[in-house]
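Every heavy atom of this structure was used, including side-chain atoms; hydrogens, water molecules and symmetry mates were not. First the proteins, then the strands, lettered A, B, ... as listed; each starts at 1.
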Amino acid sequence: MAVRLCDVASLLRSGSWAAEPWTGVIAAMETQLSNGPTCNNTSNGPSTISNNCSSPVESGSIEDSKTNLIVNYLPQNMTQEELKSLFGSIGEIESCKLVRDKITGNVKTWIRQSLGYGFVNYVDPKDAEKAINTLNGLRLQTKTIKVSYARPSSASIRDANLYVSGLPKTMTQKELEQLFSQYGRIITSRILVDQVTGVSRGVGFIRFDRRIEAEEAIKGLNCQKPPGATEPITVKFANNPSQKTSQALLSQLYQSPNRRYPGPLAQQAQRFRLDNLLNMAYGVKSRFSPMAIDGVTSLAGINIPGHAGTGWCIFVYNLAPDADESILWQMFGPFGAVTNVKVIRDFNTSKCKGFGFVTMTNYDEAAVAIASLNGYRLGDRVLQVSFKTNKTHKA
DNA sequence: TCCCATT
């Protein structure tokens, strides 16, 4: 008997997953958490921050410290509306802002490129905590987002990012942090690696909590040899991406392919995601079975409704009469490549007839979207989301 | 040799 993947969606529809729309994604994330970008500082709550300069000006007040979150490593094409949609699934949002490139100059002003991070301020501190617990580490397209409390905004924490080069190729991220931690509190660290071989490129970043800490680190470590190293390292302030022009960002975008060649870890993560879906649905470990060797393509021969040749067609039911295409983009876009959305409307009234379709390019992204969005509460309606079936009978 | 963490 052939495994019918369309049944995954209906199986996932029942049970506890439906009650918590996003837990599907989280469950799929479990094995990925250690693979993402530097997420070892996700517990940087306000309690560890010295709040000496008591100036709750700008946009951050003391009360905000338990409701205001910073979200890092967002996909480049994610909009503020999508950010709000995703985090709004946790609880009521007081404000939400995607930080964008503000440089305009000669270039077209309508291009305001996302800088890949944003802020979400909840009404209820409990929702902020819940968002950290459930959305931190969520994989969106090629990114693994980081969700943590925002530090109170202040000039002293800006421009605290260092660029370090000449590192021994054998130096680990942990060793890098150990070297710099004597100068202050490290917010993030990263060593760049060759995309193909995974070998260190000998360059990295250290972001301190405060700029003065970064300045001290430059004084103490620039042109110095780390313990055991034969060559001195260079430590300087990193280029500030917000000062890059839109033009530069554009050319950078143009040069880097939209979908990077997945390294071993990414491939493994993808396999785990597929594995989790199959495991939850059937209690099988697909990665130990031949059909999971390369995920989707090795599933050939299995009857998979929803596959439309150009992508995977998803059926979305229980949309409101005034629903439009944009809501479908907003809901499904964060999960991966969406090539088409359509709201089915009444010919005479132009009102939505209660359902629509979404086409996604990649199977596993579609599967995670379905597992996550099925049962999603949109307004006063609970959506039903599944792969489109070939059946034509009326519901 | 430059990663996208402060509105």
Side-chain angles (χ1 to χ4, degrees), chain A residues 36-42 44-46 49 51 53 55-61 64-65 67-78 80 83-84 93-103 112-121 136 140-167 169 173 176 185-195 199-211 213-214 231 233-246 248-253 255-256 260:
Chain A
T38 315
C39 282
N40 50 343
N41 283 294
T42 51
N44 52 343
I49 294 172
N51 249 333
C53 22
S55 172
V57 283
E58 304 200 35
S59 62
S61 67
D64 282 345
S65 68
T67 57
N68 195 25
L69 303 179
I70 185 163
V71 187
N72 288 292
Y73 309 106
L74 292 169
Q76 193 58 239
N77 60 1
M78 191 171 192
Q80 182 165 296
L83 182 68
K84 188 171 186 181
I93 290 174
E94 191 273 328
S95 63
C96 171
K97 182 164 197 171
L98 179 70
V99 180
R100 297 187 188 87
D101 165 26
K102 69 180 65 157
I103 305 297
R112 294 191 58 213
Q113 198 62 51
S114 164
L115 290 180
Y117 67 94
F119 296 89
V120 176
N121 195 11
N136 182 47
L140 295 178
Q141 296 170 234
T142 61
K143 302 285 187 177
T144 301
I145 70 170
K146 179 180 175 184
V147 184
S148 51
Y149 288 110
R151 292 170 284 164
S153 183
S154 112
S156 67
I157 66 175
R158 291 175 52 186
D159 302 320
N161 198 22
L162 295 180
Y163 175 73
V164 188
S165 57
L167 295 168
K169 297 289 200 286
Q173 185 183 350
L176 180 67
R185 173 164 172 255
I186 295 170
I187 301 299
T188 56
S189 70
R190 166 172 294 180
I191 290 177
L192 301 184
V193 297
D194 183 285
Q195 283 288 289
V199 172
S200 167
R201 291 167 54 194
V203 303
F205 294 89
I206 292 280
R207 180 180 299 279
F208 279 103
D209 181 36
R210 290 176 293 158
R211 182 167 59 249
E213 295 169 336
E231 299 298 324
I233 61 174
T234 301
V235 184
K236 55 208 259 191
F237 281 109
N239 296 339
N240 193 331
S242 66
Q243 285 158 12
K244 231 186 239 184
T245 65
S246 288
L249 283 163
L250 267 187
S251 70
Q252 184 180 314
L253 268 184
Q255 283 169 3
S256 64
R260 289 186 196 136

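Nearest to the side-chain atoms of A:Tyr163 among the listed nucleotides B:dT6, B:dC3, B:dT1 stands B:dT1. Here the side chain of A:Lys97 is nearest to one of B:dC3, B:dA5, B:dT7, namely B:dT7. Closest to the side chain of A:Tyr73, from the set B:dC2, B:dT6, B:dA5, is B:dA5. Here the nucleotide nearest the side chain of A:Arg207, chosen from B:dC2, B:dT7, B:dA5, is B:dA5. Here B:dT7 is the nucleotide among B:dT7, B:dC3, B:dA5 with the atom lying nearest to any side-chain atom of A:Phe119. When distances are taken from the side chain of A:Tyr117 to each of B:dT7, B:dA5, B:dC2, the shortest belongs to B:dA5.
Closest approach of A:Asn161 to A:Ile206, counting heavy atoms only: OD1-O, 3.3 Å. The minimum heavy-atom distance linking A:Lys146 with A:Tyr73 is given by the pair CB-CD1, 3.7 Å.
Atoms CG (A:Asp209) and P (B:dA5) sit 14 Å apart, rounded to a whole Å. As rounded to whole Å, 19 Å separates atom P of B:dT1 from atom CD of A:Gln195. Summarising the geometry, the separation between CD on A:Gln113 and C1' on B:dC3 is reported as 16 Å, rounded to the nearest angstrom. Rounded to whole Å, the distance from CG on A:Asp101 to C1' on B:dT7 is 14 Å. Rounded to whole angstrom, the span from the CG atom of A:Asp159 across to the P atom of B:dA5 amounts to 13 Å. Taking atom CD1 on A:Ile145 and atom P on B:dA5, their separation rounds to 13 Å, with Å as the unit. Summarising the geometry, the separation between CZ on A:Phe237 and P on B:dC3 is reported as 19 Å, rounded to the nearest angstrom. Straight-line distance from the CG atom of A:Asn72 to the P atom of B:dT7: 13 Å, rounded to whole Å.
Just one of A:Asn68, A:Ile70, A:Asp209 meets the side-chain contact (heavy atoms from CB on, under 4.5 Å) condition when paired with A:Arg151; it is A:Asp209.
Between A:Asn239 and B:dC2 there is no side-chain N or O to OP1 or OP2 distance below 4.0 Å. Residue A:Ser165 has no polar side-chain atom (N or O) positioned under 4.0 Å from OP1 or OP2 of B:dT1. The phosphate of B:dC3 has neither OP1 nor OP2 within less than 4.0 Å of any side-chain N or O from A:Arg201.
Here A:Asn77 contributes atom CG and A:Gln113 contributes atom CD; the two are 9.0 Å apart, rounded to the nearest 0.5 Å.
A ring-centre distance under 6.0 Å is found for A:Tyr163 and A:Phe205.
When heavy atoms are screened at a 4.0 angstrom cut-off, A:Ile157 is found touching base atoms of the nucleic acid. Using a 4.0 Å heavy-atom distance criterion, A:Gly204 is classed as making no nucleic acid contact.
Under 3.5 Å, the side chain of A:Arg151 and the base of B:dT6 form at least one donor-acceptor pair of N or O atoms.
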